[in-house]
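Notes follow the structure.
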Amino acid sequence: EKLNNNNEINSNNNNNAAQSKSRGSESGGNLLELGAQSALGKPRSTSLTDLLLLDAGKAQGTVNLFEKTCLAILGASMTGPMYFVMYCMGWMKHHQGNSITLEFLITFYPVALAILLVQVGFDHMIDRVMGRRLVCIIRFTICGLINTSLVPLTWMTIDNTRGLLVIFALLGFAHGAMLGSSFEYCLQMHKNSKAIEYLNVGLQVGGVAEGIFGVMSGLTTQSHPTVTQFYIFAALTSVLCVSGVISVFVLNCYSDRFKKVMKLAPEPPPSSLSEICKVCWNLRVSILATILTSGSTLLCNGFYTYVPTALMPEPLDNAILVVLLVYTNLFSDLFGRMIVTRLDCPTGSALVQFALGRQLLVIGFFFYLCQRYLLNDIGILALLTIIMISHGMITTWSFVHAHRAIPDERHSAFVSKMCVIILFTAILTGSFLGRGLEIMYFLPVETE
């Protein structure tokens, strides 16, 4: 009997152990299943935090080649019209004077800045009423049509200063509306996706594409182009603008990553001053680096038409050199942005030190501008190459650093607009400072 009782007890213990093991396996299986569902992008809600962490193997990785291409085309279509105007400055100055570059900058960017401020306050309301995806398609379509239709009108108003300024303002409106929304979408993707880096590359690809279009049309190879050359250049630019609208449609239809961002509920900006101050404090590195870099770069850009050349009897007869400076600007900036896609973002202190050290190069540029004894076209082009490579790197890193410094993911839309507003403010600061320097020092010299 004792032996039978002991066998019964052992049997019960074995059964209990088996049941416990089964329950543990079941519990572990459930946990694995939940983890797999999360990794496969099957969230139970559509909150911002859930959507940002979808698909650990995909959403957190770098954007694929298809998405890289669409982001690059989108960025190029936003800056194409702006660089179209910049490439035309070499012959515009024969109709409007050397100040036309600065007049463009102080007309284009204030309007872009104004539309960004409107987006900060009202975008979330419009998205909530109409739906984010529909608003995205409508916005990029309208802005693409504005760019496509206004680019050919530049020639018709070349002798009409007011007409040119109106065109510059409308192009600034479209640029600001598209740029603010694009950075918002990229900042709401995962921090490791590198969407911001490739959008920044695309922004500079627009300038390079315009440079190639200028050579293909023959417009940028002459100081006084023909009407046919201009309209070929304008037609190629319009095609670039349309391709940007197409890329938005493609992303909305075929990019799972982009479609998930479109599903996010629109978030209002921070409601209290303390929240705004907290966000801005977290962005202090990006703010300082952007102001130092973009402000000084635009200060240089506004004086391309004043750079003396060693190839002409008269140092300011430099239409060809102006075109070479613009090409150097664009290709060097693009190279700097492409480098960043292969590098990790530096620390905040290192980024600020890089931006501060770069100011010595800007001082060297203006030293060259103010003298007539050491004229060397290759030398000034080499100096500008270093200035613009560093500009592309620091500007892109500033946006990446802002993305990583977001204190609350709910504020990503606000942070994206703030970054672009800071960028445009820095550009305007450099432009207005350049206009003041031109009035005080350069215009009297030109009159003499």
Side-chain angles (χ1 to χ4, degrees), residues 36-80 123 126-128 130-148 174 177-206 209 238-267 337-338 341 399-400 403 409 412-413 416:
Q37 288 177 356
S38 175
L40 290 172
K42 299 178 180 178
R44 290 176 294 177
S45 66
T46 56
S47 66
L48 179 57
T49 304
D50 289 339
L51 285 170
L52 285 172
L53 297 177
L54 288 178
D55 196 346
K58 181 178 178 182
Q60 295 183 13
T62 307
V63 287
N64 56 42
L65 180 60
F66 151 69
E67 290 167 324
K68 291 176 187 177
T69 304
C70 288
L71 288 172
I73 293 174
L74 177 59
S77 69
M78 290 188 284
T79 54
D123 253 11
I126 299 172
D127 288 349
R128 186 171 286 112
M130 298 180 60
R132 200 176 194 199
R133 188 177 185 182
L134 178 61
V135 171
C136 169
I137 293 174
I138 292 175
R139 176 175 296 157
F140 281 90
T141 301
I142 292 175
C143 292
L145 290 174
I146 290 174
N147 289 334
T148 303
M178 291 191 293
L179 194 63
S181 298
S182 299
F183 273 111
E184 176 183 337
Y185 303 150
C186 289
L187 256 72
Q188 290 180 339
M189 296 181 189
H190 195 273
K191 291 179 174 63
N192 295 331
S193 68
K194 288 191 174 289
I196 296 174
E197 288 90 328
Y198 285 101
L199 179 64
N200 267 287
V201 169
L203 294 175
Q204 203 60 25
V205 167
S238 297
V239 171
L240 181 61
C241 296
V242 173
S243 67
V245 178
I246 294 173
S247 69
V248 172
F249 278 90
V250 172
L251 285 171
N252 270 287
C253 294
Y254 299 107
S255 171
D256 292 335
R257 196 189 311 262
F258 196 83
K259 286 191 283 188
K260 289 168 186 173
V261 171
M262 290 293 103
K263 293 177 182 178
L264 297 178
E267 296 287 348
R337 294 171 193 244
M338 292 176 68
T341 62
F399 278 93
V400 175
H403 192 190
E409 297 292 356
S412 56
S416 66

ask   = For Ile146 and Ala174, which heavy atoms make the closest approach, and how far apart are they?
value = CG2-CB, 4.2 Å
inquiry  = Check whether Glu67 reaches the backbone of Asn64 with its side chain - one donor and one acceptor, N or O, closer than 3.5 Å.
reply    = yes
key: Thr79 side chain to Leu203 backbone, donor-acceptor under 3.5 Å   = yes
Backbone of Arg337 reached by a side-chain donor or acceptor of Thr341 within 3.5 Å = no
message = In terms of relative ring orientation, are Phe183 and Phe399 parallel, tilted or perpendicular, with 30° and 60° separating the classes?
response = parallel
inquiry  = With a 4.5 Å cut-off on side-chain heavy atoms, are Cys136 and Tyr185 touching?
reply    = yes
request  = Using atom types as modelled and distance alone, determine if a side-chain donor or acceptor of Thr148 lies under 3.5 Å from a backbone N or O of Leu145.
outcome  = no
query = Roughly how far, to the nearest 0.5 Å, is OG1 of Thr69 from CG of Leu65?
reply = 4.5 Å
key: Result of checking Thr141, Ile142, Val135 against Arg139 for side-chain contact (heavy atoms from CB on, under 4.5 Å)   = Val135
key: Crowding at CZ, Phe66 (>12 non-hydrogen neighbours, <6.0 Å)   = yes
request  = Could you check if a side-chain atom of Met78 sits within less than 4.5 angstrom of a side-chain atom of Leu199, using non-hydrogen atoms only?
outcome  = yes
key: Arg132 (side chain) donor-acceptor with Val261 (main chain) under 3.5 angstrom   = yes
inquiry  = So, taking the atom named CD1 in Ile246 and the one named OG in Ser77, what distance separates them when rounded to the nearest 0.5 Å?
reply    = 10.0 Å
ask   = Looking at Val245 and Phe140, what are the two nearest heavy atoms and their distance?
value = CG2-O, 3.4 Å
message = How long is the straight-line distance from CD1 of Ile73 back to OG of Ser243, given to the nearest 0.5 Å?
response = 5.5 Å
ask   = Hey, is the main chain of Met189 close enough, under 3.5 Å, to the side chain of Arg257 for a donor-acceptor pair?
value = no
query = Roughly how far, to the nearest 0.5 Å, is CZ of Phe258 from SG of Cys253?
reply = 10.5 Å
note = Taken to the nearest 0.5 Å, the spacing of Lys68 NZ from Lys194 NZ works out to 9.5 Å
message = Within this structure, what is the NZ-NZ distance for the pair Lys263 and Lys260, rounded to the nearest 0.5 Å?
response = 8.0 Å
query = Considering all heavy atoms of both residues, which atom of Gly144 and which atom of Cys241 are nearest to each other, and what is their separation?
reply = O-CB, 4.3 Å
key: Minimal non-hydrogen separation, Asp123 against Ser181, with atom names   = OD2-OG, 4.4 Å
request  = For residues Arg133 and Asn252, report the shortest heavy-atom separation together with the two atoms involved.
outcome  = NH2-O, 2.7 Å
note = Taking every heavy atom of Cys186 against every heavy atom of Ile196, the minimum-distance pair comes out as CB-CG1, 4.0 Å
